[in-house]
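Values below: all heavy atoms of this structure, side chains included; hydrogens, waters and symmetry mates excluded. Start at 1 and go down the list; that is how both ligands and their atoms are numbered.
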Amino acid sequence: MIVLVFFSALFAVSVNADLFHFDSISNASTYYFNYLYCHVWEGECQPNQDDATQQVPTGDMWSWLAQDYTGMVTNWYCSIGQCCDSGDCRITNNITGLERDLQLKLHGQHLAQSVVLKAIQGFINNPESNKPLTLSFHGWSGTGKNFVARLVADNLYRDGVKSECVRLFIAPFHFPHARLVDVYKGQLREAIRDMVLRCPQTLFIFDEAEKLHPGLIDAIKPYMDHYDNVDGVSYRRAIFLFLSNIGGAAINDVALDFWHSGQNREDIGMEDLEHRLRAESMEAEGGFAQSELMSGHLIDFFVPFLPLEYRHVKLCARDAFVIRGVEPDEATLDEVAKAMLYVPKEEKLFSAQGCKSIPQRINFFLH
Ligand SMILES: *[C@@H]1O[C@H](CO)[C@@H](O)[C@H](O)[C@H]1NC(C)=O
Ligand SMILES: *[C@@H]1O[C@H](CO)[C@@H](O)[C@H](O)[C@H]1NC(C)=O
């Protein structure tokens, strides 16, 4: 009987994979995906599409649903604590490591540093929590949203972003067509259910969440609500991260106001931002801002990422050099930082691209 159930599950999954094969991804979005995956998420970049990544497949993006069903049994065995002292060996939950990484590697983001640590720590230490943890990262591009998501993955999971307990969705890549939103809803529900069955503490990352089509994220709202379980599956240990530029303008305004009034950027508190951020998020266009997650108050923490200044860009550049085994001098760091564009026009205070593409930019200095 059990075998029968297992095989019919396998069958259902492979049928779905075929069904959804119709929407193969165009070259342009494959390119886009590779760009994001290699440069932003710093995944493994291989020239050959076929083995580019198992994490988020290219050709048939849902084929991973069918992969690794034999591994499921092993995972289940591990998840009930039979293979590591800590229980599930895929999970490391290294809070000390997370704290250290946030302090040493993230620049110019005192709020994100403390809110993310507090949220994750509280959630990990409270196994009885009655809903999954849902965090929404807000800010301009290049301010460190993806970077922090990676630090969380690296410290909570043995295999970091490549862990089978971590799933990255890049909205315009995984859900490109508005007309297919109903199909995506089904796929997304199924994917999340499947992941959580295999790994209760799954980390779901939705990058570029501002580009989610209306209604899509509402399909998984029940999973994020205060329910014991949905159709027999408990989502209470899952973690959802939404990364978007929504509210970026409000954050920048507050940072600029502080600067104009001669106050320290480090004195910006959550109370200066959270209200405006919530308000601006609910007014913003798009499927995420307009979702029931926002109106239903299911986001546990709004995490603001401040616009980065010249000195922060220099710190990012220093890190990038050190990773490449080079100890740079101040003049070189100034040269990298000066090559960025600063806004607003008058103050020239914030790097328009934050620390984005710094690792690529320093190549020039290494040859
Ligand atoms: C997509 O890429 C493949 C291989 O690189 C090429 O053969 C094909 O013509 C491209 N299709 C389009 C529509 O550009
Ligand atoms: C947690 O992270 C810290 C800092 O990266 C590291 O020194 C420590 O060994 C890690 N602990 C575990 C249990 O992995």
Side-chain angles (χ1 to χ4, degrees), residues 37 40-44 54-55 71 74-129 132-133 135 137 143-168 195-196 198-205 207 236-241 243 266 300-301 303 305 308 312 314-328 354-355 358-359 362:
Y37 192 72
V40 181
W41 286 95
E42 292 166 32
E44 267 168 37
Q54 316 144 346
Q55 163 77 21
T74 326
N75 295 341
W76 168 77
Y77 188 69
C78 286
S79 68
I80 58 170
Q82 298 298 311
C83 72
C84 271
D85 291 348
S86 62
D88 187 338
C89 11
R90 299 165 298 180
I91 312 254
T92 47
N93 286 351
N94 187 346
I95 297 294
T96 338
L98 179 62
E99 181 169 20
R100 214 186 124 208
D101 279 355
L102 287 170
Q103 262 166 19
L104 297 180
K105 299 183 182 168
L106 180 67
H107 304 300
Q109 303 298 354
H110 67 285
L111 291 169
Q113 255 163 10
S114 70
V115 177
V116 169
L117 183 67
K118 193 174 65 178
I120 301 272
Q121 186 169 28
F123 182 73
I124 299 294
N125 292 340
N126 175 19
E128 299 310 314
S129 127
L133 179 65
L135 304 182
F137 291 5
T143 50
K145 302 186 300 286
N146 310 62
F147 185 65
V148 171
R150 284 167 47 85
L151 294 182
V152 170
D154 285 345
N155 284 290
L156 299 193
Y157 305 91
R158 182 190 57 200
D159 304 323
V161 247
K162 295 199 176 65
S163 170
E164 55 185 10
C165 296
V166 176
R167 190 60 78 204
L168 167 64
M195 287 287 292
V196 168
R198 293 199 237 171
C199 182
Q201 188 192 301
T202 291
L203 172 66
F204 296 100
I205 305 169
D207 194 9
R236 294 187 306 174
R237 296 316 297 156
I239 303 173
F240 292 88
L241 301 186
L243 282 45
E266 286 73 23
D300 297 304
F301 294 90
V303 185
F305 284 74
L308 296 177
H312 305 120
K314 278 176 75 175
L315 292 171
C316 294
R318 177 187 297 279
D319 289 350
F321 277 110
V322 169
I323 287 171
R324 304 284 286 271
V326 176
E327 190 59 55
C355 279
I358 292 286
I362 67 160

- Query: Any donor-acceptor pair under 3.5 Å linking the side chain of N126 with the backbone of G122?
  - Reply: no
- Query: Does NZ or CZ of R237 fall inside the cone over F123's six-membered ring, less than 6.0 Å from its centre and within 45° of the axis?
  - Reply: yes
- Note on the structure: When every non-hydrogen atom of H107 is compared with those of H312, the smallest separation belongs to C-CD2, 4.3 Å
- Task: Please report which non-hydrogen protein atom sits nearest to atom 6 (C) of ligand 2, along with the residue it belongs to and the distance in Å to one decimal place.
- Result: N94 ND2, 4.1 Å
- Considering the heavy atoms of R100, write down every atom of ligand 2 situated less than 4.0 Å from one of them. 4 (C), 5 (O)
- Restricting to pairs with a member in residues 111-125, which pass salt bridge (Lys or Arg N to Asp or Glu O under 4.0 Å), not counting sequence neighbours? none
- Message: Is atom 11 (N) of ligand 2 near the protein, in the sense that some protein heavy atom lies at less than 4.0 Å from it?
- Response: yes
